[in-house]
K.L.:
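Sharing a structure with you now.
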Amino acid sequence: MPNAIEFTQSIVNGISVGLIYGLVGIGFCVIYNASGIVNFAQGVFVMLGGMVCQALLTSLGIPLILAVVLTIPLVALSGLLMEVAIVRPMMNRGATLFAIILATLAAQIMVERITLLTLGDRPRTYEEFTSGGPLKLGDVAIGYQLFWILGCGALLVLALWLFFTRTRSGRALRACSQNREAAQLLGIPVARMMLLAFGLSAALGAIAGILVTPTQYTAYNVGTPFGVNGFIAAIIGGFGRAGGALAGGLLLGVLQALAIVVLGAGFKNVAALSVLLLVLLLFPNGIFAGFGPNAKAH
Amino acid sequence: MTGRNTAAEADPLLRAEDVSARYGHVQALQPTSLVVAEGEIVTVLGPNGAGKSTLLRALTRLVAGRGRIYFRGEDVSGLPTHKLARRGIVMVQEGRGLFPQMSVRENLVIGGYLQPGEVDAQMKAVFELFPRLRERLDQTAGSLSGGEQQMLAIGRALMAKPQLLMLDEPSLGLAPRVAGEILSTLGELNRRGIGILLVEQKAPLALKLAQRVYVISLGRIVAELKTDEIASYHDLARYYLH
C-alpha cells in the first residue's frame, strides 16, 4: 500500500493531467453542442498544440510567449479546416451523423500519420514555463508547471463561462445547442456557429497540448490517449456539459493517478474504463447531468 | 390556387408561388401559392397532417423545397432561414421552440440577436405586451407554464423586429382562455403593422382574427376565402373533406 505522501503526490499529479482531460472534454462539448457531432479528432489538436509550439521554440528559437500566441491560432486554423473540408461538405450532402463521426476518426488517423511521416516518431518536449522547482511541500513535490496548468485552466474556464453567458456569439452557440431550428429562425447563422465551435475547440486542444507537453512529451500518437480520456471525461460529466466535462476530467485524472500508485501503471486505463462503465451503468446521462438546469455549456 | 388575383397590391408583403416540399420520397406539400398583404392577418386551416406546418417550414426554408418566394417584391427564394429572419420574416414554431435551459431573459436577448443595439428597448416593448414575462425573467424557459412559454416564444420573435410573423399552432395545448389571450395579442401586433400568417387548428379562434383564410388538405390549398364570406365554421368542413 502506498503511504500518505505517495497518495498526496498522485492526487497532485492527477489534478494536473485531469485538468488537461477536462479541457479536451470541453472541446468535445463545444463541437457537440453546436453540431451534434462527436469529433473524434479532438486529441489531434492536443498533439498539434505541443508539436507546433515545440517546433516554434526549438526550430525557430522564438520566445515562449510568442510561440504560444502563434500556436493557438495555427491549431485553431486546423479546426476550421476540418469543419470546412470534411464536416460541412458531408453535412451538405446529407451524410448521417455516424458517417461524419467516422470521418473525424479518419481525420485523426490521417493527421497522426502525416505527422509521423513528416516529423518522425521521436518524442519531443520543451522546458517548463518557469524554471527551477519542483516546489517541495514536506515530502510532496509539485512541479511549477502544475501551477501553470491550474492557473491557465481556471482562467480558461472563467473565460469560457463569460464567453457562453455574456457574449452574443457565445449565447448564439448555446442557442444552437438547444434548438438549432429556432436559432436559425432568429437570424443566427448556424453554419458560422459550427465553424466557430470547431475553431474554439481546436484552440482549447492546442492550449491543453501547450500546457501539458513540458510535464511529459508530445509525439505523433499522443492525441489518441488524450482524445479518449477527454471523451470519457465528457461522458462522466454528462456529454455536452462543459462544466461537467471539466469535473469529469479532474475525477478521471485523480482516479488514474491513484490506480497507478495502488495497482500499478498497467491499471491506469483499466481504472479509466472501469469508471466509465460504472458511470454509464449508474448515471447513463453523466454524474452531473441533473445538477442544475443551466449546467449545459457553462 | 392563385393568391395573386385576390391580393390587390403589386408587391404584397409575402408572395409564394408554387412552393412545394418533400420529406425524402414523400411529397408533403404540393405546389402551393399564397399571398399575405401588408398589414394583413392570414390564417391557414386544415386537418391534422394536411401540410400546414410543412407550408410554414417551406416558406422559412427549414425544409428544402421548390418554388419562388417574394418578400415585398424581392425574390428571397434562395436565402437560407437565418437570412430570411434578417429580412424580417420570423416564425414561432409549433411547440414554441424555446431554449429550455436558458432563462427568460436569455431567450429574449437571443431573440434580439439581429438587433444587438436595441435589446433593452425591444425587451421593454415585449414586457408591455406580456407583463408576466418581466416577473419570470430569471426563471428557465422550460419551467414556465404553457401559456407563459407561448408568450415568451412570441416575445422572443418580436425581439427580432419582424415585419411578417408566422405562427404554427400558437394555441396548441393551451386552455381556451389563455389561447384567446394569445390570439388577441396577435391582433394587437397586427394593428402595430406586423403582417401575420397563422397556422391554427382551432378554426373558430383563427377566423375571429384573420381577414383571409387558406384551407389546406392533403398537402394542397383547396380554398381561399375571406373570413366575412364564411357564414359558419361548418362551411369549412366540406373543404376539409375535399
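Chain letters run A, B, ... following the sequence lines, proteins first, then strands; residues in each count from 1. The model shown is predicted, which means the values in this text are computed figures rather than measured ones.
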K.L.:
How close do A/Arg174 and B/Glu106 get, counting heavy atoms only, and between which atoms?
P.N.:
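A/Arg174 and B/Glu106 have their closest heavy atoms at NH1-OE2, 2.8 Å.
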K.L.:
Tell me, side chain or backbone of B/Leu98 under 4.5 Å from chain A's heavy atoms, or both, or neither?
P.N.:
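For B/Leu98, the backbone is the part near chain A, not the side chain.
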K.L.:
Side chain to side chain contact (heavy atoms under 4.5 Å, CB included) between A/Asn179 and B/Gln93: does it pass, once the steps are laid out?
P.N.:
CA-CA 11 Å; A/Asn179 191 329; B/Gln93 294 164 286; 3.9 Å; yes
K.L.:
Is there a side-chain contact between B/Arg61 and A/Gln184, using heavy atoms and a 4.5 Å cut-off?
P.N.:
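Contact flag for B/Arg61/A/Gln184 side chains = no.
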K.L.:
If you draw a 6.0 Å radius around CZ in B/Arg66, do more than 12 non-hydrogen atoms from other residues or ligands fall strictly inside?
P.N.:
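No, because the 6.0 Å sphere around CZ of B/Arg66 holds 12 heavy atoms or fewer from other groups.
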K.L.:
Between B/Arg87 and chain A, which part of the residue has a heavy atom less than 4.5 Å away: side chain, backbone, both or neither?
P.N.:
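Contact with chain A involves no heavy atom of B/Arg87 at all.
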K.L.:
Among B/Leu62, B/Val63, B/Thr81, B/Thr60, find the one that has a side chain to side chain contact (heavy atoms under 4.5 Å, CB included) with A/Glu181.
P.N.:
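It is B/Leu62, the one option of B/Leu62, B/Val63, B/Thr81, B/Thr60 that forms the side chain to side chain contact (heavy atoms under 4.5 Å, CB included) with A/Glu181.
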K.L.:
Would you say B/Tyr113 and A/Arg168 make side-chain contact, with heavy atoms under 4.5 Å?
P.N.:
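B/Tyr113 vs A/Arg168: side chains touch.
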K.L.:
Side chain, backbone, both or neither: which part of B/Val109 has a non-hydrogen atom closer than 4.5 Å to chain A?
P.N.:
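The side chain, not the backbone.
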K.L.:
Quick check on A/Arg93: does its CZ atom have over 12 non-hydrogen neighbours (other residues, nucleotides or ligands) under 6.0 Å away?
P.N.:
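At most 12 heavy atoms, drawn from other residues, nucleotides or ligands, come within 6.0 Å of this atom.
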K.L.:
State whether the number of non-hydrogen atoms from other residues, nucleotides or ligands found under 6.0 Å of B/Asp120 atom CG is greater than 12.
P.N.:
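No, because the 6.0 Å sphere around CG of B/Asp120 holds 12 heavy atoms or fewer from other groups.
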K.L.:
Flag yes if more than 12 heavy atoms outside B/Lys202 fall under 6.0 Å of its NZ atom; otherwise flag no.
P.N.:
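Counting other residues, nucleotides and ligands, NZ of B/Lys202 exceeds 12 neighbours.
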K.L.:
For A/Leu186 versus B/Ala85, what's the shortest heavy-atom pair and its separation?
P.N.:
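Looking at all heavy atoms of both residues, the closest pair is C-CB, 4.0 Å.
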K.L.:
Could you go through B/Ile110 and A/Ile188, starting from their C-alpha distance and side-chain angles, then the distance that decides it, and tell me whether this counts as side chain to side chain contact (heavy atoms under 4.5 Å, CB included)?
P.N.:
CA-CA 9 Å; B/Ile110 288 170; A/Ile188 295 171; 3.7 Å; yes
K.L.:
For atom CZ of B/Arg132, decide whether the heavy atoms of other residues, nucleotides or ligands shown that lie under 6.0 angstrom number more than 12.
P.N.:
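No, the 6.0 Å shell around CZ holds no more than 12 heavy atoms from other groups.
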